[in-house]
Number of protein chains: 4
Amino acid sequence: MATVIGAGDRSDARRNRAKVLSAAGEAFAERGLDVPLGDIARRAGVGAGTVYRHFPTKHSLVEAVFAQQLGELVASGERRMSRSAPTEAFFGFVLDVIDTSRSRTTICDVMSADASWPRPVLTATVARLHQLLTVLLDAAQRAGGVRPDVGPDDIVALTVGCAAMMTARHDRAAGLRLVRLTLDGLRPSGPVTEARHFRDVRGSAPGPACEECGAVLTVHPTGRPARYCGTTCRQRAHRRRPAP
Amino acid sequence: MATVIGAGDRSDARRNRAKVLSAAGEAFAERGLDVPLGDIARRAGVGAGTVYRHFPTKHSLVEAVFAQQLGELVASGERRMSRSAPTEAFFGFVLDVIDTSRSRTTICDVMSADASWPRPVLTATVARLHQLLTVLLDAAQRAGGVRPDVGPDDIVALTVGCAAMMTARHDRAAGLRLVRLTLDGLRPSGPVTEARHFRDVRGSAPGPACEECGAVLTVHPTGRPARYCGTTCRQRAHRRRPAP
Amino acid sequence: MATVIGAGDRSDARRNRAKVLSAAGEAFAERGLDVPLGDIARRAGVGAGTVYRHFPTKHSLVEAVFAQQLGELVASGERRMSRSAPTEAFFGFVLDVIDTSRSRTTICDVMSADASWPRPVLTATVARLHQLLTVLLDAAQRAGGVRPDVGPDDIVALTVGCAAMMTARHDRAAGLRLVRLTLDGLRPSGPVTEARHFRDVRGSAPGPACEECGAVLTVHPTGRPARYCGTTCRQRAHRRRPAP
Amino acid sequence: MATVIGAGDRSDARRNRAKVLSAAGEAFAERGLDVPLGDIARRAGVGAGTVYRHFPTKHSLVEAVFAQQLGELVASGERRMSRSAPTEAFFGFVLDVIDTSRSRTTICDVMSADASWPRPVLTATVARLHQLLTVLLDAAQRAGGVRPDVGPDDIVALTVGCAAMMTARHDRAAGLRLVRLTLDGLRPSGPVTEARHFRDVRGSAPGPACEECGAVLTVHPTGRPARYCGTTCRQRAHRRRPAP
DNA sequence: TATGAATGAGTCTTCATTCAT
DNA sequence: CATGAATGAAGACTCATTCAT
């Protein structure tokens with residue numbers, strides 16, 4: 001069991017650890033989590049064993065890289081929170097997350113759950129991020145800057161999605177434009193659709209929605225609760241079900 | 001020197017090809033593109049050699065799987081185009097792409113360019129998809145159902161982003177709600193932000209935009225063309241630049 | 001998970017499996033369980049992957065090698081049992097195990113429990129061997145050819161010890177001579193020591209023995225049961241105990 | 001170019017050397033010679049470099065550990081020699097070696113030649129041990145306490161074998177009983193077998209023996225010297241030879 | 001000087017691809 | 001032809017040994 005090294009150690013060790021961390025960050029961003037550890041070592045200018053001494057598993061290296069990056073995000077978010085008006089802080093933070101995620105494409109892999117990579121990783125940092133997001137969102141919603149019917153989980157998903165947009169659109173400015181388009185949907189004066197009549201519910205479970213298309217369902221005080229917004233969706237959902 | 005088998009061959013060969021294709025589709029969806037070829041073969045109930053007879057490379061198998069899936073999408077899109085009103089057809093198609101991508105998570109990997117997987121893959125089918133999208137978008141825009149200042153590339157990026165949202169939000173209905181929120185931003189009555197005054201330009205290059213925040217820039221007929229919308233953004237961009 | 005291959009497969013596969021098995025047997029005998037798998041593969045004239053196909057772990061290869069060797073031993077023992085007189089069969093079998101163990105030195109590692117190698121291995125075959133030994137021993141004891149106060153576990157330990165002797169004494173004949181000297185102690189007319197008055201108890205727990213020197217203790221029907229054969233041994237055992 | 005430190009150096013260096021030595025002894029006993037050097041260093045509470053300062057190779061550490069342990073044995077043997085009657089001294093010494101080898105299982109690896117570990121190691125100490133053994137054996141034999149037809153090499157092999165027995169039999173008392181059973185074969189009134197007529201030859205080459213079963217061969221002054229004790233053994237040996 | 005960080009060759013294992021049956 | 005066995009180039013990880021602090 002290799003000894004994991006803390007911050008109080010020898011200066012050269014600390015320097016090496018930092019070199020490895022940043023090399024890994026770059027490598028992951030450029031080539032995905034599959035880059036060989038040897039490449040990272042070479043990029044950092046150290047031997048493979050050194051990487052290993054600091055991060056006893058490739059897994060733990062991934063963990064450390066993202067923990068650091070998320071840590072920086074959280075720090076910047078906390079700074080914003082104390083310095084800006086609630087709404088501004090919230091949107092600024094989300095934009096920060098999205099924008100910086102360009103240089104670490106794989107953040108999706110880490111934050112989203114379908115990642116093939118074992119991900120009970122990062123739990124602590126992710127939890128901190130989530131909490132910060134909740135606080136910021138809550139404040140922004142109380143200030144009237146964000147529609148009240150979205151919850152933290154929605155924001156996380158939107159963020160991941162926006163990061164993906166930025167990645168898909170190679171032009172940074174164009175990508176940001178799309179992101180703004182998307183995030184503007186969060187404002188209370190947001191866009192209006194056929195299925196727009198969201199109930200004013202705080203949190204991530206904004207009341208019953210059509211299981212097929214997601215439209216908000218009118219709640220009747222009596223009768224069997226509706227699952228779909230109409231016959232069309234009921235039929236579609238039926239077709240989707242596997243034959244018994 | 002395996003002979004690749006076309007559609008005109010013996011029927012059992014065609015059947016095998018289909019079996020492999022569907023097994024690979026499932027496997028990729030469930031476990032990502034990294035699933036070993038042997039597993040796919042086993043799942044398909046054929047030998048590894050048989051997979052190779054039909055697809056000379058793993059790469060080409062990936063290609064074929066997504067070509068087929070995109071092909072189905074394109075077909076459904078074409079059906080929509082001929083049957084529905086332009087705006088409805090456009091949004092229906094995009095929603096289709098997003099919604100079905102849940103069962104093949106990796107569509108991002110294939111459509112987005114930063115995928116670690118070599119992707120000059122699918123060129124043909126992707127081109128067809130792109131063209132269909134262009135046509136649908138154009139029609140919807142002409143019908144006034146979609147704001148005129150977005151181009152096909154924007155739509156692709158939005159689609160990829162929305163697929164990511166669906167993946168990140170495990171609740172399908174909640175995911176769809178976010179997607180609608182996002183796509184509503186495409187409607188002409190879309191949301192309005194400080195940086196909203198998009199110029200009415202078709203295509204993926206909607207005129208000069210702030211390189212930092214994406215806001216549209218007012219073009220002055222004389223003088224040096226602006227790169228940023230203001231001092232704030234200029235300063236930000238400056239900080240982003242690596243030290244010389 | 002590589003597919004492990006049974007006996008009913010392709011002939012070349014079977015041949016390769018056999019080649020690997022015998023190469024591994026030789027290699028383990030010559031150089032211990034630590035020989036690199038690559039060396040075994042080279043010795044067998046196959047690729048590393050082939051070894052892997054047949055034995056998904058190095059562990060399982062070790063397992064298979066010893067299972068086979070023990071299997072052969074068991075078979076020969078069973079043959080002896082049906083063909084020879086009990087005492088002859090018993091000694092013949094034990095000598096067989098000891099003598100053949102020269103060509104597979106590491107049998108100790110597998111049969112003895114302190115082997116650093118994970119050894120819940122082989123349980124089935126070892127159990128069979130143990131049972132055969134029990135039957136043979138029992139028959140020989142009933143025939144009066146083996147003193148009645150030893151149990152199967154004693155025989156296993158003696159066997160392991162004798163194998164070690166053979167290994168330590170490079171001259172095969174001289175080694176066998178020592179082994180005979182040792183095994184002769186099993187005969188009813190065996191050697192006589194100060195502590196020789198073993199109780200006539202069958203099995204591996206032949207009644208109370210001095211915890212220090214192993215001499216058989218006289219059992220008194222009353223009083224506190226003795227742990228040592230005398231003051232000398234009690235004192236020695238005391239010195240051995242760690243200070244409190 | 002680490003300087004090896006002798007016994008005449010600073011006292012803390014000597015203390016460190018001792019700590020490493022004892023830590024290594026424990027580690028080898030518990031986990032075999034394969035225990036990583038780093039673990040030994042940690043167990044000793046020193047840095048890896050310190051281990052290296054005292055023992056320039058892992059090999060030399062092993063050497064030192066066993067040299068020390070054997071040294072202790074030799075010392076105790078010499079004490080016995082001067083204090084006890086010859087026979088008692090001999091058997092006491094051998095039992096000592098066997099019994100203490102329980103706490104350093106790997107003595108077999110060091111004393112027996114097939115050890116995968118390079119062993120021209122301990123030559124000096126082993127030679128001393130060997131010499132002591134020879135003296136003790138000789139005295140015991142002259143005193144009539146040990147049969148005259150065994151040599152020092154036989155004793156070494158018996159000792160190694162008995163140590164293996166102790167290891168194989170987890171119950172210490174039961175193990176000791178087996179050991180006594182075995183060592184009793186060394187007494188002049190030892191057991192008698194079909195192949196028992198050992199010639200009274202001192203040393204490790206006690207005259208011509210059957211190459212197959214080890215029985216002593218009658219030497220005829222004329223004719224071709226016999227290699228086997230009879231037709232049965234000749235046939236067995238023939239079957240053992242590899243096909244040409 | 002002692003420490004423990006760095007090194008890199010060597011080991012096991014995987015898997016895309018080829019090829020004998 | 002289909003099958004699945006063989007191949008061998010990587011990749012993750014270990015650890016004896018060296019060397020900077």
Side-chain angles (χ1 to χ4, degrees), chain A residues 1-3 5 9-17 34-39 41 45-59 61, chain B residues 1-3 5 9-10 12-13 16 34-42 45-59 61, chain C residues 1-3 5 9-17 20 34-39 41 45-59 61, chain D residues 1-3 5 9-10 12-13 16 34-42 45-54 56-59 61:
Chain A
M1 214 161 304
T3 313
I5 292 165
D9 286 75
R10 267 214 257 158
S11 67
D12 56 341
R14 229 171 18 222
R15 211 166 27 246
N16 267 340
R17 193 190 140 95
D34 280 340
V35 287
L37 240 166
D39 287 11
V46 303
T50 303
V51 176
Y52 227 79
R53 158 171 284 270
H54 290 284
F55 307 99
T57 315
K58 185 174 184 187
H59 194 111
L61 176 57
Chain B
M1 233 83 36
T3 313
I5 291 175
D9 281 14
R10 291 217 332 246
D12 56 339
N16 268 343
D34 279 340
V35 62
L37 224 153
D39 286 12
I40 294 175
R42 205 167 312 126
V46 303
T50 306
V51 175
Y52 266 82
R53 170 164 302 275
H54 291 286
F55 307 98
T57 322
K58 185 177 184 184
H59 194 110
L61 175 58
Chain C
M1 216 163 303
T3 313
I5 292 166
D9 286 70
R10 267 213 258 160
S11 68
D12 56 341
R14 229 171 17 223
R15 212 165 26 246
N16 267 341
R17 192 190 141 92
V20 169
D34 280 341
V35 286
L37 239 165
D39 287 9
V46 302
T50 304
V51 175
Y52 228 76
R53 159 171 285 270
H54 291 284
F55 308 99
T57 316
K58 186 175 184 186
H59 193 111
L61 176 57
Chain D
M1 234 70 50
T3 312
I5 291 174
D9 281 14
R10 292 221 327 252
D12 55 340
N16 268 345
D34 279 340
V35 61
L37 225 154
D39 287 11
I40 294 174
R42 206 166 312 126
V46 304
T50 305
V51 175
Y52 267 83
R53 167 164 305 275
H54 292 285
T57 321
K58 184 178 185 185
H59 194 109
L61 175 58

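Below, chains carry the letters A, B, ... as their sequence lines are ordered, and counting in each starts from 1.
The partner of dT21(F) is dA2(E), by the rule that a Watson-Crick or G-U pair needs both atom distances under 3.5 Å. With a 3.5 Å ceiling on both atom-pair distances, the Watson-Crick or G-U wobble partner of dA10(F) is dT13(E).
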Could you list all N or O pairs between the protein and nucleotides 8-11 of chain F that sit under 3.5 Å apart?
{"from": "dG8(F)", "atom 1": "N7", "to": "G49(C)", "atom 2": "N", "distance (Å)": "3.4"}

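A straight line from CZ of F55(A) to P of dT14(F) spans 15 Å, rounded to a whole angstrom. Residue H59(C) contributes atom NE2, which lies 11 Å from atom P of dT13(E) at whole-angstrom precision. Atom NE2 in H54(C) sits about 16 Å away from atom C1' in dT13(E), given to the nearest Å. In this entry the distance linking CG of D12(A) with C1' of dC19(F) reads 11 Å, nearest Å. Separating the CZ atom of R53(D) from the C1' atom of dT17(F) is a distance of 14 Å, rounded to the nearest angstrom. Whole-Å rounding puts the R14(A) CZ to dA20(F) C1' distance at 15 Å. The nearest whole Å value for the distance from the CG atom in N16(D) to the P atom in dA2(E) is 7 Å. Atom CG in L61(D) sits roughly 15 Å away from atom C1' in dC15(F) (whole-Å rounding).
Counting only heavy atoms from C-beta on, T57(C) has its side chain closest to dT13(E) among dT13(E), dA2(E), dA6(E).
Each of V51(B) and G38(D) lies near DNA chain F, and the nucleotide nearest V51(B) is the one positioned closer to the 5' end.
Considering CG of N16(D) and CZ of R53(D), their distance stands at 10.5 Å, rounded to 0.5 Å. The CG atom of D34(A) sits 5.0 Å away from atom CG of D34(B), with the distance rounded to the nearest 0.5 Å.
Side chain of Y52(A) to backbone of P56(A): a donor-acceptor contact under 3.5 angstrom is found.
In summary, D39(D) and R42(D) engage in a salt bridge, as defined by a charged side-chain N under 4.0 Å from a carboxylate O.
Closest approach of V35(B) and K58(B) over heavy atoms only: O-NZ, 2.8 Å.
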